[in-house]
There are 2 protein chains.
Amino acid sequence: MIPSDDSVIHTVTERKILEAAKRVFGRKGLDGARMQEIADEAGLNKALLHYYFRSKDNLFRAVFREVFQSFFPAVFEMMGEEGYSFEEKIRRFVHSYIDLIRQHPYLPGFILHHMQGPEEGTVRVVEMFRATGLDPGVFYREAKKEAEKGNIRAIDPAQLILNIISLCIFPFFGAPVISAFLFPGQDYERFLEERKEAVSDFVIHAIRKT
Amino acid sequence: MIPSDDSVIHTVTERKILEAAKRVFGRKGLDGARMQEIADEAGLNKALLHYYFRSKDNLFRAVFREVFQSFFPAVFEMMGEEGYSFEEKIRRFVHSYIDLIRQHPYLPGFILHHMQGPEEGTVRVVEMFRATGLDPGVFYREAKKEAEKGNIRAIDPAQLILNIISLCIFPFFGAPVISAFLFPGQDYERFLEERKEAVSDFVIHAIRKT
DNA sequence: GTCTATACGGTGATAGAC
DNA sequence: GTCTATCACCGTATAGAC
C-alpha cells in the first residue's frame, strides 16, 4: 500500500501519528510544532513520520482535513431535524457543540492557528468546508422561517448564527485565563456543564419576543 | 541609553521595530514570525533588532506587554462610570470594544496565539493583566447589583461578562472565513458597524426581564 | 547607531542497516 | 516497516567595519 494517499484506511502506526500530530499541532501550531515532538508523543521514530507522510506540510494537511471534517458535520445537521421546536433545536445544538469541543480540546486552537491572515489558511478552510458537503444554510433558513412566523423577534439570521458559535467556542480559547479570572478555583468540567445551560438560556432569551 | 530596558521612552528606531513586530507577531505568532520579516517591515536591518532587544524572545516580551496593556484598560473602566443605565453601559462598552479591536486588528490573533496550553502563555497573561491594575470586578459588581435590584433577570455575572466578550472578539478570528460564509460580498467595515448594534441588542434582550 | 558578513545551533528530510 | 546516523538548510545571534 502506498503510504499517505487519500485512502481512509489507516494502519495502526499511521493512526498513532495522526493522533499525536493533532495534539501537537493544536498546542503549537504548524510552525511551533516539531516533528520530533510529534514522534515522541506517538512513541515512534521521527523517520516514520516521513515514511508515511513525506513531509511536515503533508502531515499537516492530512491532520487538517481530519480535524476539520470531524469539527463541523454532525452537529450542524441537528438544525434540520424534525420534531423539535426552534428553542429545543438551539438548546440541543449548543449542548452538542460544547460537548464536541470538549472531546477534542485541540480543535479550537487548531482551527484558530490556521485561519489567521487573509491568504494563508483561509482558502484552505473555505475549500475544506465546501468539501464536507455541509450546508450552513440550514441554520439560516430555520432562523428566517421562525422570524417570519413571528415566533422570534426580527434578527439577522447570520448574526444569530455567529452569536451562537461565538458563545460556544470562545471560552475554549484561553480557557486557563478565563478560569483564573472569572471562575477562580472552579472545576473546569463543571464550568462547561453550567456553560451549556447559560449559553442556551442566553440565546433563547435574546431572541424571544418581548 | 541602555537599549531594551523597561523605560517607556523609545527612540524612533525602537518604535519602528515595535510597531513592525506587533504586526508580524500578530500575523504569524511567535514561532512563525521571522526576525528578517520584522526587519523588512520596519525598513531596517536585522542586526538592529538584536541591538535594541537582545533576542527574539525579548522583543516578543516587549511587544506583548505593550499590546496587552493597550488591549484592556480604557474600555473596561467604562463600566464604572456614573450617569448611564446598565443598558447604556453595555451598549457603550460593546461599541468601544469592537472599535478598539478594529483599530488594532493584530490584537486578537496576538493574544490568542499566546494563551494556548496551560503553562506557556497563561501565566504571563495573568501576570500582565494584574500589572495593568485593572479590576475585572467592576463589571461583575455592576451586573450583580442590577440583578438584585430586579432590573435584569437573574444571571451569573461571570457568564454575562464572558458572553459579551465572546460576542465582541470572536468575529475577528477568522474574519475572512466568516465573511466568506455568512456575509458573502459584504463590506467588512459595514459588517463591523452592524455587528456593534447586533451584539448590543442581543445582549440587552438576553438579560431583559420577560 | 547602523550596516555586512559570518558563526552556530536546531530542524526537516534522507540514506541505509536490519 | 522500523530504526540510527547523517546531511543540508535556514534562522537566530554575534563580530566587526564604518
Side-chain angles (χ1 to χ4, degrees), chain A residues 1-64 110 113-114 116-117 120-121, chain B residues 1-64 113-114 117 120-121:
Chain A
M1 165 189 165
I2 301 163
S4 79
D5 64 357
D6 274 357
S7 159
V8 266
I9 309 293
H10 298 292
T11 68
V12 176
T13 321
E14 218 172 334
R15 212 56 329 244
K16 278 186 198 163
I17 296 173
L18 282 170
E19 292 305 319
K22 275 187 201 174
R23 293 192 291 274
V24 177
F25 280 131
R27 286 201 299 269
K28 307 289 183 72
L30 172 56
D31 297 307
R34 297 283 158 252
M35 293 298 265
Q36 185 59 57
E37 188 177 353
I38 297 174
D40 292 347
E41 184 122 353
L44 293 170
N45 191 287
K46 208 174 50 157
L48 276 220
L49 311 199
H50 286 93
Y51 175 74
Y52 281 101
F53 308 85
R54 234 174 52 240
S55 70
K56 184 184 182 181
D57 200 65
N58 224 36
L59 171 58
F60 176 76
R61 272 196 287 270
V63 171
F64 189 81
F110 191 92
H113 267 292
H114 310 103
Q116 300 283 93
E120 267 168 86
Chain B
M1 165 191 166
I2 300 162
S4 79
D5 64 357
D6 275 357
S7 160
V8 267
I9 310 292
H10 299 292
T11 69
V12 177
T13 320
E14 219 171 333
R15 255 283 56 98
K16 279 186 197 163
I17 295 173
L18 280 170
E19 292 306 318
K22 275 186 202 176
R23 292 192 291 274
V24 176
F25 280 133
R27 285 202 299 271
K28 307 288 182 70
L30 172 56
D31 298 306
R34 297 282 159 255
M35 293 298 264
Q36 185 59 59
E37 187 177 354
I38 296 173
D40 292 347
E41 184 123 350
L44 293 171
N45 191 286
K46 213 173 43 160
L48 277 213
L49 310 201
H50 285 93
Y51 175 74
Y52 282 100
F53 308 84
R54 234 175 51 243
S55 70
K56 184 184 182 181
D57 199 65
N58 225 36
L59 172 56
F60 176 75
R61 271 195 288 269
V63 171
F64 189 82
H113 266 293
H114 311 103
E120 266 167 89

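Quick note: numbers below take in every heavy atom, side chains included, and nothing from hydrogens, waters or symmetry partners. Each chain gets a letter, A, B and so on, in the order the sequences are listed, and its residues count up from 1.
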How many whole angstroms separate atom [atom1] of [X] from atom [atom2] of [N]?
{"X": "A:Tyr51", "N": "C:dA17", "atom1": "OH", "atom2": "C1'", "result": "15 Å"}
{"X": "B:Arg15", "N": "C:dG1", "atom1": "CZ", "atom2": "P", "result": "15 Å"}
{"X": "B:Phe60", "N": "D:dA13", "atom1": "CZ", "atom2": "C1'", "result": "19 Å"}
{"X": "A:Ile38", "N": "C:dA13", "atom1": "CD1", "atom2": "P", "result": "11 Å"}
{"X": "A:His50", "N": "D:dT2", "atom1": "NE2", "atom2": "C1'", "result": "15 Å"}
{"X": "B:Phe53", "N": "D:dT14", "atom1": "CZ", "atom2": "C1'", "result": "18 Å"}
{"X": "B:Gln36", "N": "D:dG11", "atom1": "CD", "atom2": "P", "result": "9 Å"}
{"X": "B:Leu49", "N": "C:dT4", "atom1": "CG", "atom2": "P", "result": "13 Å"}

Quick one: are [X] and [Y] in side-chain contact, heavy atoms under 4.5 Å?
{"X": "B:Asn45", "Y": "B:Tyr51", "result": "no"}
{"X": "A:Thr11", "Y": "A:Tyr52", "result": "yes"}
{"X": "A:His50", "Y": "A:Met35", "result": "yes"}
{"X": "A:Leu30", "Y": "B:Asp31", "result": "no"}

Between its two end axes (five pairs each) the helix from C:dG1-D:dC18 to C:dC18-D:dG1 turns, nearest 10 degrees, through 10°
Residues A:Ala33 and A:Lys56: closest non-hydrogen pair is O-NZ, 2.8 Å
Side chain of [X]: nearest nucleotide among [options]?
{"X": "B:Thr13", "options": "C:dT2, D:dT2, C:dA13", "answer": "C:dT2"}
{"X": "A:Ser55", "options": "C:dA13, D:dT14, D:dC3", "answer": "C:dA13"}
{"X": "B:Lys56", "options": "D:dT2, D:dA13, C:dA13", "answer": "D:dA13"}

Margin query: What's A:Ala33 touching, base or sugar-phosphate or nothing? Going by heavy atoms closer than 4.0 Å.
Written below: sugar-phosphate
Residues at least two apart in sequence or cross-chain that pass side-chain contact (heavy atoms from CB on, under 4.5 Å) with A:Ala20, listed by chain then number, are A:Arg23, A:Ile38, A:Glu41, A:Ala42
To the nearest 0.5 Å, how far apart are [atom1] in [X] and [atom2] in [Y]?
{"X": "B:Glu14", "Y": "B:Leu44", "atom1": "CD", "atom2": "CG", "value": "11.5 Å"}
{"X": "B:Leu59", "Y": "B:Phe64", "atom1": "CG", "atom2": "CZ", "value": "13.5 Å"}
{"X": "A:Ile17", "Y": "A:His10", "atom1": "CD1", "atom2": "NE2", "value": "11.0 Å"}

Under-3.5 Å N/O pairs linking protein and nucleotides 4-10 of chain D:
unit_1 : atom_1 : unit_2  : atom_2 : d
D:dT4  : OP2    : A:Asn45 : ND2    : 2.9

#### Entry: C:dT2 OP1/OP2 closer than 4.0 Å to side-chain N/O of B:Tyr52
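True: B:Tyr52 side-chain N/O within range (under 4.0 Å) of C:dT2 OP1/OP2.
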